[in-house]
Amino acid sequence: MSTVDDITALILDDHASFRRGFARLDDARDEQELLAIWDALALHLDIHAEAEEAILYPHLVKHGDDGEDETTDAIGDHNKIRDAIAEAKLHPVGSKPWWDAVGTARRENSEHLAEEEDEALPDFRRHASTELRAELGQRWLTFYGEHKAGRNLSFHDKDPQQYVADHR
Ligand SMILES: [Fe+2]
Ligand SMILES: [Fe+2]
């Protein structure tokens with residue numbers, strides 16, 4: 001298995017790009033730059049959460065040592081990030097309420113990445129074979145290809161308990 005095909009490596013790549021995206025907002029010089037950086041970052045955050053909910057968590061919830069709790073937490077975190085992104089869209093870019101919402105998205109995302117990287121992904125690695133990691137990695141890439149620019153995705157919150165009940 002090349003590491004490129006491993007779903008956990010693909011997820012970590014996305015996480016690194018989220019951190020870079022938030023950092024780039026700090027360096028933006030005007031509202032046009034802010035908008036360009038934020039639009040791309042927000043879309044990527046939303047697609048990433050959908051991809052994990054379609055591909056990673058259905059496996060983790062069934063096979064993880066602590067899969068149900070980790071999945072409940074993750075869906076709840078994804079909802080908070082989605083809500084903050086939706087809130088930011090209601091305000092002029094660069095305004096105080098926009099920065100507040102973006103700050104919330106950043107904080108919630110940072111907390112969530114740490115939990116995912118320190119708890120959910122290690123649990124997944126303990127139970128997923130090399131073949132499965134590669135297979136899900138392939139599905140991950142296909143998902144991104146099929147949903148370029150968020151095509152055919154609606155970024156709506158999911159009830160964490162219901163999600164677990166539907167997938168366990
Ligand atoms: Fe993630
Ligand atoms: Fe996540």
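Keep in mind that this is a model prediction, so the values were computed, not measured. Each ligand, and each atom within it, is numbered from 1 in the order the structure gives.
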How about the Fe ion (ligand 1), which protein N, O or S atoms come within less than 2.8 Å?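 Atoms qualifying: H15 NE2, H48 NE2, E52 OE2, E116 OE1.
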Nearest 0.5 Å, what's the CZ-CD1 distance between F124 and I11?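 The CD1 atom of I11 is 7.5 Å from CZ of F124, to the nearest 0.5 Å.
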When rounded to the nearest 0.5 angstrom, what is the spacing between CZ in R106 and CG in L25? 7.0 Å
Any ring pair (Phe, Tyr, Trp, His ring centres under 6.0 Å) involving residues 100-122? Give me the pairs, sequence neighbours left out, ordered by first then second residue.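 Qualifying pairs, neighbours excluded: H78-H112.
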For the student: nearest non-hydrogen atoms of W140 and A51, plus distance: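 Residues W140 and A51, closest heavy atoms: CZ3-CB, 3.5 Å.
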Assess, by modelled atom type and distance only, whether the side chains of N79 and R82 contain a donor and an acceptor separated by less than 3.5 Å. yes
Main-chain N/O of E146 paired to K148 side chain as donor or acceptor, under 3.5 Å: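 Not a single qualifying donor-acceptor pair exists.
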